[in-house]
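Presented below is the structure to which this report refers.
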Amino acid sequence: MSKRVAILLSGGGSNMRALVASMTGDHPARPAVVLSNRADAGGIAWAAARGIATEVVDHRPHGANRAAFEAELTERLMPYGIDIICLAGFMRVLTAGFVTPWQGRMINIHPSLLPKYRGLHTHARALEAGEQEVGCTVHEVTAELDEGPILGQARVPVLAGDTPDSLAARVLAQEHMLYPMVLRRFAEGNRAPVYLP
Ligand code: GRF
């Protein structure tokens, strides 16, 4: 039976689209639900228009109470019988209370060559540091932010005149190749890291 995948996002969801597009044919997984903390996330409208179940869990009514937000996430995901969670631009920090029960079944994509540049503004920080090469990483999610075993990385050379935006665009194109590749392997039970190109 196919693995059931929940994809969590906060924005346009270009990675989500790449993941959804990949889960066809003999792929061992299928998208079961796309969930966002923002009702206006472009990814929600895109998924709904394609007949994929969607859920919105607004974090704002919960204020600083992350546990209450995460309890609602759990409650909304429950009916879908999820096997794997893919974080794809989900801009909320998840605490151990949520992460621990999902550990080994939840993966994330981050726009840097981890362990370098955890957190935000990765491309600006990499340029500032004079990096010759940047990239993206898919990793298992653990309770520490942008940590966890690496499942795949794709590298992108820094070119003369690059800006954070130009780098972000080239890295994003790699994310769209790397994330589907890693999800497929992960769904097959293969956690050996894959390195692109
Ligand atoms: C990507 O750069 C991803 O690596 C980061 O957030 C961004 C999401 O972009 N975690 P999109 O919504 O998938 O287009």
Side-chain angles (χ1 to χ4, degrees), residues 5-23 29 31 33-50 52 54-59 73 84-95 98-99 102 106-127 131 133-158 162-184 186 193-197:
V5 177
I7 305 171
L8 274 52
L9 51 77
S10 301
S14 67
N15 277 289
M16 176 274 292
R17 297 173 201 208
L19 292 173
V20 166
S22 73
M23 284 186 266
V33 62
V34 172
L35 181 149
S36 177
N37 61 309
R38 299 181 55 108
D40 62 353
I44 285 289
W46 186 91
R50 275 148 194 87
I52 300 169
T54 59
E55 295 284 345
V56 174
V57 181
D58 192 345
H59 60 282
L73 280 185
I84 297 171
I85 295 180
C86 292
L87 303 180
F90 186 64
M91 302 303 285
R92 304 303 302 167
V93 171
L94 295 166
T95 73
F98 185 84
V99 170
W102 282 101
M106 178 157 59
I107 63 180
N108 178 46
I109 187 151
H110 183 75
S112 80
L113 293 172
L114 290 173
K116 287 186 169 178
Y117 309 113
R118 297 186 174 110
L120 297 175
H121 311 301
T122 54
H123 304 304
R125 287 156 59 205
L127 278 178
E131 298 285 356
E133 194 175 52
V134 295
C136 51
T137 303
V138 179
H139 63 97
E140 288 186 42
V141 178
T142 58
E144 295 301 317
L145 184 70
D146 299 328
E147 294 251 7
I150 288 175
L151 299 168
Q153 285 189 320
R155 313 181 93 80
V156 171
V158 176
D162 258 330
T163 63
D165 284 350
S166 67
L167 267 188
R170 289 211 310 287
V171 171
L172 194 60
Q174 291 301 303
E175 294 181 33
H176 298 161
M177 303 224 286
L178 180 69
Y179 209 174
M181 186 179 295
V182 170
L183 172 60
R184 183 175 183 124
F186 190 74
V194 59
Y195 294 98
L196 300 178

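Values reported hereafter were calculated over all heavy atoms of this structure, with side chains retained and with hydrogens, waters and symmetry mates removed. Atoms within each ligand, like the ligands themselves, are counted from 1 in listed order.
- In terms of polar-atom proximity, defined here as any N/O pair under 3.5 Å, Glu175 does make such a contact with ligand 1.
- Remark: minimum distance from atom 14 (O) of ligand 1 to any protein heavy atom is reached at Ser14 OG, 2.5 Å.
- Among protein heavy atoms, atom 5 (C) of ligand 1 sits closest to Pro111 CD, 3.9 Å.
- A search for side-chain contact (heavy atoms from CB on, under 4.5 Å) contacts involving Pro149 returns Glu140, Thr142, not counting sequence neighbours.
- Within the structure, ligand 1 lacks Cys136 among the residues with a heavy atom less than 4.0 angstrom away.
- Around atom CD of Glu144, no more than 12 heavy atoms belonging to other residues, nucleotides or ligands sit under 6.0 Å away.
- Nearest protein heavy-atom neighbour of atom 12 (O) of ligand 1: Gly13 N, 2.9 Å.
- Atom 10 (N) of ligand 1 has as its closest protein heavy atom Ile109 O, 3.1 Å.
- Note that the CD atom of Glu131 and the OG atom of Ser112 stand 9.5 Å from one another [nearest 0.5 Å].
- Just one residue in the list Leu94, Ile109, Ile107 forms a side-chain contact (heavy atoms from CB on, under 4.5 Å) with Leu87, and that residue is Leu94.
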Working for side chain to side chain contact (heavy atoms under 4.5 Å, CB included), residues Trp46 and Val20: CA-CA 11 Å; Trp46 186 91; Val20 166; 4.0 Å; yes

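- Counting atoms of ligand 1 from 1 in the listed order, those under 4.0 Å from a heavy atom of Gly89 are 6 (O), 8 (C), 10 (N).
- The single protein non-hydrogen atom nearest to atom 9 (O) of ligand 1 is Asn15 ND2, 4.0 Å, given as residue, atom name and distance.
- Looking at residues two or more places apart in sequence or on another chain, you find a salt bridge (charged side-chain N to carboxylate O under 4.0 Å, His left out) between Asp40 and Arg38.
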